[in-house]
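Positions are given from 1 along the sequence. Order of appearance sets the numbers: ligands from 1, and atoms from 1 within every ligand.
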Amino acid sequence: MTTTARLELDGKVYELPVIVGSEGDKAVDITKLRDLSGYITLDPSYANTGSCLSEITFIDGEKGILRYRGIPIQEMAEKSTFIETAYHIIFGHLPTRAELSEFSDLLTKYELLHEDMKYHFEGFPTTGHPMAILSAMINATSCFFPDLARSTRREDLKVQAAVLLAQVRTIAAFAYRRSRGLPTIYPNPMYKFTANFLHMLFSLPNKDYEMHPEIVKALDLIFLLHADHEQNCSTATVRMVASGQANVFACAAAGVCALWGPLHGGANQAVIEMLEDIRQSGDDGSNFLKLVKDKNSGKRLMGFGHRVYKNYDPRANIIKRQCDELLSVLRKDDPLLDIAKRLEEAALNDPYFVERKLYPNVDFYSGIIMRAIGLPPEMFTVIFAIGRMPGWIANYREILESPTPRIYRPRQIYTGKTLNHYVDKIQRSSVPVQ
Ligand code: CMC
């Protein structure tokens, strides 16, 4: 395999190093290109840009492969839990029993919010979107842990990770309770991570939530499947913010904001809204697919397509199976699941989707599970954010520990006006608008 690339510009040849990853990914290293030639590369939306070297997650989008630190997602989904997976992603190895127990103790230690945080919740309107509350409150958490927030010491990362993972779950539950006008329920250290979250969401002061093991398993799996996904929009945002040396809470809050949009994490909410619209219109999905194929309609089949996967998203397969299992155990029927399956089948046999290699992604079926659990659509992206926290923390850590730390600062090609001059107000009416 070639070790250098040759680029000819203005009659001069530049030799650029070729980098090969551990799974054979290839890249031309253009770090010195501008210094050498005066040229930059242009790649709006970064579809061809590797922004970093990373050891966390491997995706082969053509083959539909996803691995967390080398372990296939299917194995993690079958054998692991969210917290064990989080540890693996953040610290680089599966924890020993002692490590897992120490980390679980830390999660319990930091699961309570500072009482003063409750006043912040009261300031939000009950109609506020929980993603707005989540990002604001994660940022606010740094004010309650100022030393920890400031610290860039490697030894403090474990506590930072535990604080973030534990508090984000409590914040999410409190945000939900606020939106329903319900009293807050404090975490119960008797429960493990996901069961504790369900308890905070659904228990009442006078009645504990009846814990259903299948629901706990399904939600834990959703967290696990979202735990990392290499350089997606929110993770790239976290790295960007971290490169400016902002604290880990600020980075995570930025990740939440980036995740919110319907093309990214917000797609899970958008899928359910889309399916509900189809159901209410009485369409069997075929009219909607026609609309999606008409570029002027502005509609997309939400939960379909991916920048990296040009094959079935392996997470979608696992979620679809879990979805069937959960509904059957709970003896629930969801008409939206039938519509989703019909849409999937029609799309996978439609030349528009086949030619563009558009397959269901992680968001296509996850909303149906979350509905079955009893979560409202506006909480779906919050669940994604809790799940993605380990990935954000691990990527933050890679920036922190980079042997060549440097602020992220892309360049641009300027296409605006060339030099022109200030015109006094009095003369402006006679000056034509440029
Ligand atoms: N429905 C209809 N057409 C689509 C869709 C879709 N969901 N996705 C892509 N296309 C078309 C697109 O219009 C374009 O067509 P043409 O070549 O004729 O212009 C072609 O497929 C390539 O699409 P693209 O916009 O270049 O793809 P992208 O890599 O920029 O966007 C995406 C990826 C995920 C934003 C996009 O597929 C999409 O909008 N999907 C729906 C939203 C969604 O489900 N997002 C969740 C992504 S997975 C979880 C996550 O990362 O958060």
Among all the protein's non-hydrogen atoms, which is closest to [atom], and how far away is it?
atom	result
atom 47 (C) of ligand 1	Asn361 ND2, 3.5 Å
atom 16 (P) of ligand 1	Lys295 NZ, 3.4 Å
atom 52 (O) of ligand 1	His264 ND1, 2.6 Å
atom 24 (P) of ligand 1	Arg300 NH2, 4.4 Å
atom 1 (N) of ligand 1	Leu301 N, 3.0 Å
atom 40 (N) of ligand 1	Phe304 O, 2.9 Å
atom 21 (O) of ligand 1	Arg356 CD, 3.3 Å
atom 45 (N) of ligand 1	Leu263 O, 2.9 Å

Give the numbers and elements of all ligand 1 atoms closer than 4.0 Å to a heavy atom of [X].
X	value
Phe384	52 (O)
Val362	49 (C)
Arg307	28 (P), 29 (O), 30 (O), 33 (C)
Val292	1 (N), 2 (C)
Gly305	34 (C), 37 (O)

Quick one: does [X] get an N or O within less than 3.5 Å of an N or O on ligand 1?
X	value
Arg315	no
Lys299	no
Met302	no
Ala267	no
Gly303	yes

Would the number of heavy atoms belonging to other residues, nucleotides or ligands and lying under 6.0 Å from [atom1] of [X] be above 12?
X	atom1	answer
Lys192	NZ	no
Gln280	CD	yes
Lys332	NZ	yes

Quiz item: Looking at Asp156 and Arg153, does any basic side-chain N land under 4.0 Å from a carboxylate oxygen?
Solution: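 Here Asp156 pairs with Arg153 in a salt bridge, since their nearest N and O are under 4.0 Å apart.
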
Quiz item: Ion pair present between Lys341 and Glu344, side-chain N to carboxylate O less than 4.0 angstrom?
Solution: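 So Lys341 does not pair with Glu344 through a salt bridge.
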
Against the six-membered ring of [Y], is [X] placed for a cation-pi contact (under 6.0 Å from the centre, within 45° of the normal)?
X	Y	value
Arg178	Tyr176	no
Arg169	Phe193	yes
Lys158	Phe91	yes

With a cutoff of 4.0 Å, is [X] in contact with ligand 1, counting heavy atoms of the residue only?
X	value
Lys293	no
Asn232	no
Tyr352	yes

Quiz item: Is any heavy atom of the protein nearer than 4.0 Å to atom 26 (O) of ligand 1?
Solution: no

Quiz item: Is the closest protein non-hydrogen atom to atom 7 (N) of ligand 1 under 4.0 Å?
Solution: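 It does: a protein heavy atom is found less than 4.0 Å away from atom 7 (N) of ligand 1.
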
Quiz item: Under 3.5 Å, side chain of Ser37 to main-chain N/O of Leu33, donor-acceptor pair present?
Solution: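 Side chain of Ser37 to backbone of Leu33: a pair is present.
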
Quiz item: Is a side-chain donor or acceptor of Lys310 paired with a backbone partner of His306 at a separation under 3.5 angstrom?
Solution: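 Yes: the side chain of Lys310 pairs with the backbone of His306.
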
Exercise. Under 4.0 Å, heavy atoms only, figure out whether ligand 1 is touched by the backbone of Leu358, its side chain, both or neither.
Key: side chain

Practice problem: Please work out which of the three classes, parallel, tilted or perpendicular, describes the rings of His114 and Phe144, given edges at 30° and 60°. | Solution: tilted

Practice problem: Can you label the angle between the Phe353 ring and the Phe304 ring as parallel, tilted or perpendicular, going by 30° and 60°? | Solution: perpendicular

Quiz prompt | Distance (rounded to the nearest 0.5 Å) between Leu358 CG and Asp350 CG | solution =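 Reported value, rounded in 0.5 Å steps: 10.0 Å.
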
Quiz prompt | Identified side-chain contact (heavy atoms from CB on, under 4.5 Å) partner of Met76 from the options Thr81, Leu225, Ile318, Leu94 | solution = Leu94

